[in-house]
Amino acid sequence: MGRERNGLLDLGGTDAVLRAVLSACLGQYRRNEAQLLAALDGETLHQARASLRRLRSALRLFQPLTSPQLALEAGLRDLSGALGAARDLDVLLARTSPGPLHDKLSAARDEAFAHALAALHAASTRAMLLDLSEWIVLHPPLPADDARDHAARQLDCYRRKVMKAGQALVDGDDAARHRLRKCVKRLRHAVELFGSLFPASGRRARFMAALLPLQDALGALNDLVVAQAVLARIGSSRVRGAAALIGQTHCPALLATAVKAHEQVMTAPRFWR
């Protein structure tokens, strides 16, 4: 289907790149899914969730060239939500000392894990993944365009979204910062999935080195928001130890880090141009 030559993905047109990228992302998820079904724990859950996000990003990268796949997108979104809810509780539980709050989070985590397993085993999920496999193989050929042109347009698009969303980084609310975080993740996935189409590996590495600190800072801010929402949902916002999980005193420092990181991303050379 394709080969690596001097770090450059030598596949020809966009059609071959679509099938190679989506097949690789789906294969990675299915391998992680198999490990998760064999031994459900926090790390395997994290890997499955991350590979599922990457697969969803890959589909989104080709949407300008393909017809909407609403049923597939909805199925992947629902599955991601089930895995994400379990992962959020698992992360909080790992940060909690033994006691009443730990016990309540543990019970909620176990329930969320059971829901995630049910979602993984559901007939609708199995059918959706089979439909996706068939769609990747049987999708009508795309126009014989240069894959680099499409990749560059998509990278430019996601970079602009990060720039625009970043304008509300300080003055915006939690929802605005969450939107920025999603834009940053999608840009990162675009760099990872399309990066080997471009020969400037050093510039690509420098761009990624600027991008990752922004994602980390936004992730830390989002963890505080998620902790507050989860604790409220299980009725434990005022239980001893809850304040440490919410950690609002850390917000100013994290925001300052995110602002600086955003500036570095915006000034980093675009390796695809």
Side-chain angles (χ1 to χ4, degrees), residues 1-29 31-32 47 50-66 136 139 141-167 169 177 179-220 256-273:
M1 185 180 295
R3 62 188 183 278
E4 289 284 335
R5 185 179 63 192
N6 298 328
L8 194 65
L9 195 61
D10 183 24
L11 287 169
T14 305
D15 184 77
V17 171
L18 175 146
R19 298 179 201 277
V21 167
L22 292 181
S23 295
C25 289
L26 178 58
Q28 182 63 57
Y29 168 72
R31 288 189 292 273
N32 289 333
Q47 294 300 329
S51 60
L52 189 58
R53 279 200 306 255
R54 187 180 172 97
L55 173 59
R56 294 177 66 200
S57 289
L59 279 169
R60 194 174 285 107
L61 285 170
F62 291 100
Q63 279 182 351
L65 303 176
T66 62
I136 293 171
H139 187 278
L142 298 177
D145 296 333
D146 188 334
R148 293 175 185 82
D149 291 341
H150 173 71
R153 287 193 297 271
Q154 289 300 95
L155 286 162
D156 277 336
C157 176
Y158 281 109
R159 182 182 177 277
R160 285 194 299 271
K161 289 181 178 180
V162 169
M163 178 174 63
K164 182 177 180 180
Q167 294 172 359
L169 185 55
R177 286 190 284 270
R179 287 192 292 272
L180 172 59
R181 178 171 171 263
K182 290 196 293 186
C183 291
V184 169
K185 280 190 174 184
R186 291 168 185 170
L187 177 57
R188 177 189 174 181
H189 288 151
V191 172
E192 291 173 341
L193 295 171
F194 284 155
S196 61
L197 288 169
F198 303 93
S201 59
R203 293 175 63 202
R204 182 171 72 244
R206 288 192 292 274
F207 187 86
M208 186 65 84
L211 190 61
L212 292 180
L214 176 57
Q215 182 176 325
D216 289 343
L218 292 170
T257 299
V259 169
K260 182 178 180 181
H262 185 267
E263 292 173 353
Q264 291 175 339
V265 171
M266 291 298 98
T267 57
R270 294 178 295 167
F271 66 86
W272 58 92
R273 292 296 183 186

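Since the model is a prediction, treat every value here as computed from it, not as a measurement. Only this structure's heavy atoms are used, side chains among them; waters, hydrogens and symmetry mates stay out.
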Colleague: Just verifying a value: how many Å separate Met163 CE and Leu180 CG, rounded to the nearest 0.5 Å?
Modeller: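 CG of Leu180 is found 12.5 Å from CE of Met163.
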Colleague: For Cys183 and Arg186: C-alpha separation, side-chain torsions, deciding distance, then whether side-chain contact (heavy atoms from CB on, under 4.5 Å) applies.
Modeller: CA-CA 5 Å; Cys183 291; Arg186 291 168 185 170; 5.6 Å; no
Colleague: Looking at CZ of Arg206 and OG of Ser201, how far apart are the two atoms once the value is rounded to the nearest 0.5 Å?
Modeller: 9.0 Å
Colleague: Can you tell me how far apart CG (Leu187) and CD (Gln154) are? Round to the nearest 0.5 Å.
Modeller: 11.0 Å
Colleague: Of all residues at least two apart in sequence or in a different chain, which pass the salt bridge (Lys or Arg N to Asp or Glu O under 4.0 Å) check with Arg60?
Modeller: none
Colleague: Can you list everything that forms a ring-ring contact (aromatic ring centres under 6.0 Å, His included) with Tyr158? Sequence neighbours excluded, please.
Modeller: none
Colleague: From Leu61 CG over to Leu193 CG, what is the distance, rounded to the nearest 0.5 angstrom?
Modeller: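 Here the interatomic distance stands at 6.0 Å.
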Colleague: With sequence neighbours excluded, what pairs up with Ala220 under the side chain to side chain contact (heavy atoms under 4.5 Å, CB included) test?
Modeller: Leu254
Colleague: Listed by chain and number, what are the side chain to side chain contact (heavy atoms under 4.5 Å, CB included) partners of Ser51, not counting sequence neighbours?
Modeller: Gln28, Tyr29, Asn32
Colleague: Are Lys161 and Cys157 close enough, and set up right, to give a side-chain contact (heavy atoms from CB on, under 4.5 Å), and what steps lead you there?
Modeller: CA-CA 6 Å; Lys161 289 181 178 180; Cys157 176; 3.8 Å; yes
Colleague: Name the one of Thr14, Leu18, Asp15 that satisfies side chain to side chain contact (heavy atoms under 4.5 Å, CB included) with Leu65?
Modeller: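 That would be Thr14; it is the only one of Thr14, Leu18, Asp15 passing the side chain to side chain contact (heavy atoms under 4.5 Å, CB included) with Leu65.
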Colleague: Could you tell me which residues satisfy side chain to side chain donor-acceptor pair (under 3.5 Å) with Gln63, sequence neighbours excluded, listed by chain and number?
Modeller: Glu73
Colleague: By side chain to side chain contact (heavy atoms under 4.5 Å, CB included), which residues pair with Asp149, not counting sequence neighbours?
Modeller: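 Here the qualifying residues are Asp146, Arg153.
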Colleague: So, using ring-ring contact (aromatic ring centres under 6.0 Å, His included) as the criterion, who are the partners of His189 when residues are at least two apart?
Modeller: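 His189: no ring-ring contact (aromatic ring centres under 6.0 Å, His included) contacts found.
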Colleague: Under the side chain to side chain contact (heavy atoms under 4.5 Å, CB included) test, which residues partner Ala261, sequence neighbours left out?
Modeller: Pro213, Leu214
Colleague: List the steps and the verdict of side-chain contact (heavy atoms from CB on, under 4.5 Å) for His139 and Thr66.
Modeller: CA-CA 9 Å; His139 187 278; Thr66 62; 3.6 Å; yes
Colleague: Which residues pass the salt bridge (Lys or Arg N to Asp or Glu O under 4.0 Å) test with Arg54, sequence neighbours left out?
Modeller: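 Checked Arg54 against salt bridge (Lys or Arg N to Asp or Glu O under 4.0 Å); matches are Glu192.
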Colleague: Mind checking what makes side chain to side chain donor-acceptor pair (under 3.5 Å) contact with Arg159, not counting sequence neighbours?
Modeller: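 For Arg159, no residue satisfies side chain to side chain donor-acceptor pair (under 3.5 Å) once neighbours in sequence are set aside.
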Colleague: My understanding is that only one of Phe271, Trp272, Phe62 makes a ring-ring contact (aromatic ring centres under 6.0 Å, His included) with Phe194; could you say which?
Modeller: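 When ring-ring contact (aromatic ring centres under 6.0 Å, His included) is applied between Phe194 and each of Phe271, Trp272, Phe62, only Phe62 qualifies.
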Colleague: I need the Leu169 CG to Leu218 CG distance, nearest 0.5 Å.
Modeller: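 If we round to the nearest 0.5 Å, Leu169:CG and Leu218:CG are 6.5 Å apart.
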Colleague: Does any pair with a residue in residues 258-273 pass salt bridge (Lys or Arg N to Asp or Glu O under 4.0 Å), and if so which ones, sequence neighbours excluded?
Modeller: Asp156-Arg270, Asp156-Arg273
Colleague: Can you measure from CZ (Arg56) to SG (Cys25) and round to the nearest 0.5 angstrom?
Modeller: 13.0 Å
Colleague: How far apart are the C-alpha atoms of Met208 and Arg204, what are their side-chain angles, what is the distance that settles it, and do they pass the side-chain contact (heavy atoms from CB on, under 4.5 Å) test?
Modeller: CA-CA 6 Å; Met208 186 65 84; Arg204 182 171 72 244; 5.7 Å; no
